[in-house]
Amino acid sequence: MNRVERIQTLLHASLVPAECAVDDESHLHAGHAGAASGGGHYRLRLVSTRFEGLSKVARHRLVYDALHEMMPQEIHALAMTLLTPGEAATG
């Protein structure tokens, strides 16, 4: 299983998303210190009912909790767009 698949598996297990898109942007950061250590750069768009009523910080914490075993060795940077289904439908 590659890293993107692993990220998706971990997120699906804990956040049961309606949408989970992970893009590996590591190639855009070649030569960056984080890339040298082997950690990848990823962009995440996640839609989940688990985010209902939560602040942006609380949503980020849920994602980091789900991915803790991959941080920071396998994931060096993670850009996140975290939405409720209602937010995703209007935005």
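Since the model is a prediction, treat every value here as computed from it, not as a measurement. Numbering of residues begins at 1 and proceeds along the displayed sequence.
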### Query
Between L78 and L44, is a side chain to side chain contact (heavy atoms under 4.5 Å, CB included) present by the stated rule, with each step listed?
CA-CA 7 Å; L78 183 62; L44 169 66; 4.0 Å; yes
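- Rounding to the nearest 0.5 Å places CG of N2 at 8.0 Å from CD of Q8.
- Annotation: salt bridge (charged side-chain N to carboxylate O under 4.0 Å, His left out) contacts of R50 (sequence neighbours excluded): none.
- Contacts classified as side chain to side chain donor-acceptor pair (under 3.5 Å) and involving residues 53-72 (residues at least two apart or in different chains) are given here: R6-E69, R59-E87.
- Judged by distance alone, the side chain of T84 and the main-chain N or O of F51 form no donor-acceptor pair under 3.5 Å.
- By the salt bridge (charged side-chain N to carboxylate O under 4.0 Å, His left out) test, R45 is found to be paired with E19, residues two or more places apart in sequence or in another chain being considered.
- Taking R43 as the reference, D23, E25, A79 meet the side chain to side chain contact (heavy atoms under 4.5 Å, CB included) condition, with sequence neighbours excluded.
- In this structure, CG in L46 is found 6.0 Å from OG in S48, a value given to the nearest 0.5 Å.
- Atom CG of L67 sits about 6.0 Å away from atom CD1 of I7, to the nearest 0.5 Å.
- Hydrophobic cluster membership differs between V16 and L10, with clusters built from Ile, Leu, Val, Met, Phe, Trp and Tyr side chains linked at under 4.5 angstrom.
- Hydrophobic cluster of L83: the remaining members, joined at side-chain heavy-atom separations below 4.5 Å, are V47, listed by chain and number.
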### Task
Test Y42 against R3 for side chain to side chain contact (heavy atoms under 4.5 Å, CB included), laying out the working first.
CA-CA 10 Å; Y42 302 91; R3 283 187 189 166; 3.0 Å; yes
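- Under a hydrophobic-cluster definition in which Ile, Leu, Val, Met, Phe, Trp and Tyr are linked whenever side-chain heavy atoms come within less than 4.5 Å, directly or via other members, M71 and M80 are assigned to the same cluster.
- E52 meets the salt bridge (charged side-chain N to carboxylate O under 4.0 Å, His left out) test with no other residue; sequence neighbours excluded.
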